[in-house]
Amino acid sequence: MDATIDQKTTQPTTAWSAVFALALCASTLVATEWMPVSLLTPIAAGLDLTEGQAGQAISVSGFFAILTSLFISAATRGADRRAVLLWLTSVMLISGVVVAFAPTYTIFMVGRALVGMVVGGFWSMSAATMIRIVPAADVPRALAILNGGNALATTIAAPLGSFLGQYIGWRGAFFCVVPIAALTLLWQFVALPGMPSHDRTSAAAAFKVLRRPGVPYGMLAAALFFLGQFALFTYLRPFFETVTRVDVTTISALLLVMGVAGLVGTTLIGLVIRDRLYTFLVLMPFAMAVIAVALTALGRSPGATTALMFLWGFIGTAAPVGWFTWLSEALPDDAEAGGGLMVAVIQLAITAGAAGGGVLFDSSGYRATFLFSAVILALSSLVILVGAVRRKAKADAQCTCASASSAA
């Protein structure tokens, strides 16, 4: 999208301050997105809804995230990307106020739609932004820090929302986002460099990146990865309750183990993925497929389940760093359009995985769901492997041609 992804000449300290400001924004945004999970009952009671109606607060944000991710680049073409990011953060702040003080279900859902717009816009621009504010060699590390904010929020959002809701009510829990969003906005205002856009691309740009060599393989592999991941992840709680047979306190501990493992994995992946990107993209879904199969065999053992959950969190939470690093390498001059398509693909895959896994869980039990997850994850590994082999073959052919031309 941005025809000029020019490398900024800001001081290193300023650049990394901008990275951490965006990581705080990511953490706040993800916490806001998923907070309703732990507050459905009080939300339903407060707005005189069923819990199913309250649950639509998550689906509406996902729907608007998909729409925004596909079209935000075209809608804001020519606008400084710094201004767009500040605008998105302002909308996040406003959404917190709207949701916290919503007098009716309609206003509540408007607030949640605003959250979805920010999710789609922010994540679609994340890789392109990191390309512009840090040196190319540091992009994987910057993306790891950004995703670390995501991992932290994923770890604490549900338990923190439940805790706050118990003492200050669900409205108070949502309003807690507002001062953090204000701090994030101020930090970004100070730290983000100007990022002028000279883009004149149409709304179809997000789909045009599929014409680029290797991009269809990466997008398909990413879709399969998140589909397989969430086909299993969405149904872990009933698995823990009916197969591992542990109480609610232990379930919370298992989810915390996954969260901590995800933080560790996200911290480490940025240090090692730079020189082995495709290796990790192949191995991560394959390893998670093995874990899914192992859960069907060892899931009755609390000890084995804990170990497998640690590995699942360690790999699964860190994996988005790999996919967005791939995006920054595959589309360095079109990362914003590619980011929009990537976010849409991920959101659709998560929705399809949760829906498909649920149908299998209800009709055939957890084994069918987990084995379905394993097959899809293995397919993700296979697709990106094929893409990597074709990429290497093309690079070798180009080297051969270049050598021949030099000799001539």
Report task. Examine distances only and state if a side-chain atom of R81 and a backbone atom of M195 form a donor-acceptor pair shorter than 3.5 Å. Result -> no
Requested in this report: Taking all non-hydrogen atoms of both residues into account, name the closest pair between V321 and P140 and its distance.
Outcome: CG1-O, 3.9 Å
**Report entry** Main-chain N/O of W123 paired with S126 side-chain donor or acceptor, under 3.5 Å
**Finding:** yes
Report task. Indicate yes or no for a side-chain donor-acceptor contact from S381 to the backbone of P285 under 3.5 Å, with no hydrogens or angles considered. Result -> no
**Report entry** CZ on F20 to CD1 on I145, rounded to 0.5 Å
**Finding:** 4.0 Å
Report task. Decide yes or no for T104 and L47: does some side-chain heavy atom of the first lie under 4.5 Å from some side-chain heavy atom of the second? Result -> no
Query raised in the report: Quick one: does S69's side chain have a donor or acceptor within less than 3.5 Å of a partner on G121's backbone?
Result: no
Query - Residues forming a side chain to side chain donor-acceptor pair (under 3.5 Å) with W170, sequence neighbours excluded - result: none
Query - Heavy-atom pair of closest approach, residues V386 and Y217 - result: CG1-CE2, 3.6 Å
Query - Pairs involving residues 337-364, ordered by first then second residue, that meet ring pair (Phe, Tyr, Trp, His ring centres under 6.0 Å) (sequence neighbours left out) - result: Y235-F361
**Report entry** Closest contact, heavy atoms only, L192 versus R82
**Finding:** O-NE, 3.0 Å
Report all side-chain donor-acceptor pairs from residues 303-313 shorter than 3.5 Å, counting only partners two or more places apart or in another chain.
| residue | atom | partner | partner atom | Å |
| --- | --- | --- | --- | --- |
| T305 | OG1 | G299 | O | 3.1 |
| T305 | OG1 | S301 | O | 2.8 |
| T306 | OG1 | P302 | O | 2.8 |

Query - Check: I43 main-chain N/O paired with R171 side-chain donor or acceptor under 3.5 Å - result: no
Query raised in the report: Is there a side-chain contact (heavy atoms from CB on, under 4.5 Å) between L232 and L295 once you walk through the steps?
Result: CA-CA 10 Å; L232 186 151; L295 281 170; 4.3 Å; yes
Query raised in the report: Would you call the rings of F225 and W323 parallel, tilted or perpendicular if under 30° counts as parallel and over 60° as perpendicular?
Result: tilted
Requested in this report: Could you check T325 against R141 for side-chain contact (heavy atoms from CB on, under 4.5 Å), going step by step and ending with a plain yes or no?
Outcome: CA-CA 9 Å; T325 300; R141 182 183 169 203; over 6 Å; no
Query raised in the report: Is I72 close to L88 at the side-chain level, that is, under 4.5 Å between some pair of heavy atoms?
Result: yes
Report summary line: Hits for side chain to side chain donor-acceptor pair (under 3.5 Å) against T250, two or more places apart or cross-chain, chain-then-number order -> D247
Query raised in the report: With distance as the sole test, does T266 use its side chain to make a donor-acceptor pair with the main-chain N or O of L263 at under 3.5 Å?
Result: no
Query raised in the report: Is L22 close to F122 at the side-chain level, that is, under 4.5 Å between some pair of heavy atoms?
Result: yes
Report task. Using a 4.5 Å cut-off on heavy atoms from C-beta on, say whether the side chain of L327 contacts that of F324. Result -> yes
Requested in this report: Look at the aromatic rings of Y105 and F108 and report parallel, tilted or perpendicular, splitting at 30° and 60°.
Outcome: parallel
Report summary line: Sorted by chain and number, sequence neighbours left out, side chain to side chain donor-acceptor pair (under 3.5 Å) with Y366 holds for none
Query raised in the report: Would you say the side chain of L146 lies within less than 4.5 Å of the side chain of V19, judging by non-hydrogen atoms?
Result: no
**Report entry** Residue of the set T28, V97, V99 for which side chain to side chain contact (heavy atoms under 4.5 Å, CB included) holds with V178
**Finding:** V97
Residues 181-189, side-chain donor-acceptor partners within the protein, below 3.5 Å, at least two apart:
| residue | atom | partner | partner atom | Å |
| --- | --- | --- | --- | --- |
| T184 | OG1 | I180 | O | 2.8 |
| W187 | NE1 | S17 | OG | 3.0 |
| Q188 | OE1 | T89 | OG1 | 2.6 |

Report summary line: Rounded to the nearest 0.5 angstrom, the CG-CG distance for D138 and L143 is 11.0 Å
Query - Side chains of L377 and L224 in contact at under 4.5 Å (non-hydrogen atoms) - result: no
Requested in this report: Work out which heavy atom in A318 is nearest to a heavy atom in I269; give both atom names and the distance.
Outcome: O-CD1, 3.6 Å
Report task. Please assess V115 against M92 for the test side-chain contact (heavy atoms from CB on, under 4.5 Å), listing each intermediate value before the final yes or no. Result -> CA-CA 6 Å; V115 171; M92 177 173 66; over 6 Å; no
**Report entry** Other residues, nucleotides, ligands: >12 heavy atoms within 6.0 Å of F286 CZ
**Finding:** no
Query raised in the report: Can you check side-chain contact (heavy atoms from CB on, under 4.5 Å) on L360 and F370, steps first, answer last?
Result: CA-CA 9 Å; L360 286 172; F370 285 21; over 6 Å; no
Report task. Any chance you could measure L220, atom CG, to L379, atom CG, to the nearest 0.5 Å? Result -> 8.5 Å
Query raised in the report: Considering all heavy atoms of both residues, which atom of S373 and which atom of A292 are nearest to each other, and what is their separation?
Result: OG-CB, 4.3 Å
Requested in this report: Could you tell me whether the side chain of M342 reaches within less than 4.5 Å of the side chain of W326, counting heavy atoms only?
Outcome: yes
Report task. For the residue pair V118 and S95, establish whether any side-chain heavy-atom pair is separated by less than 4.5 Å. Result -> no
Report summary line: On a heavy-atom basis, the closest approach of A18 and I133 is CB-CD1, 4.0 Å
Query raised in the report: Picking from Q347, R112, M117, what satisfies side chain to side chain contact (heavy atoms under 4.5 Å, CB included) with S61?
Result: R112
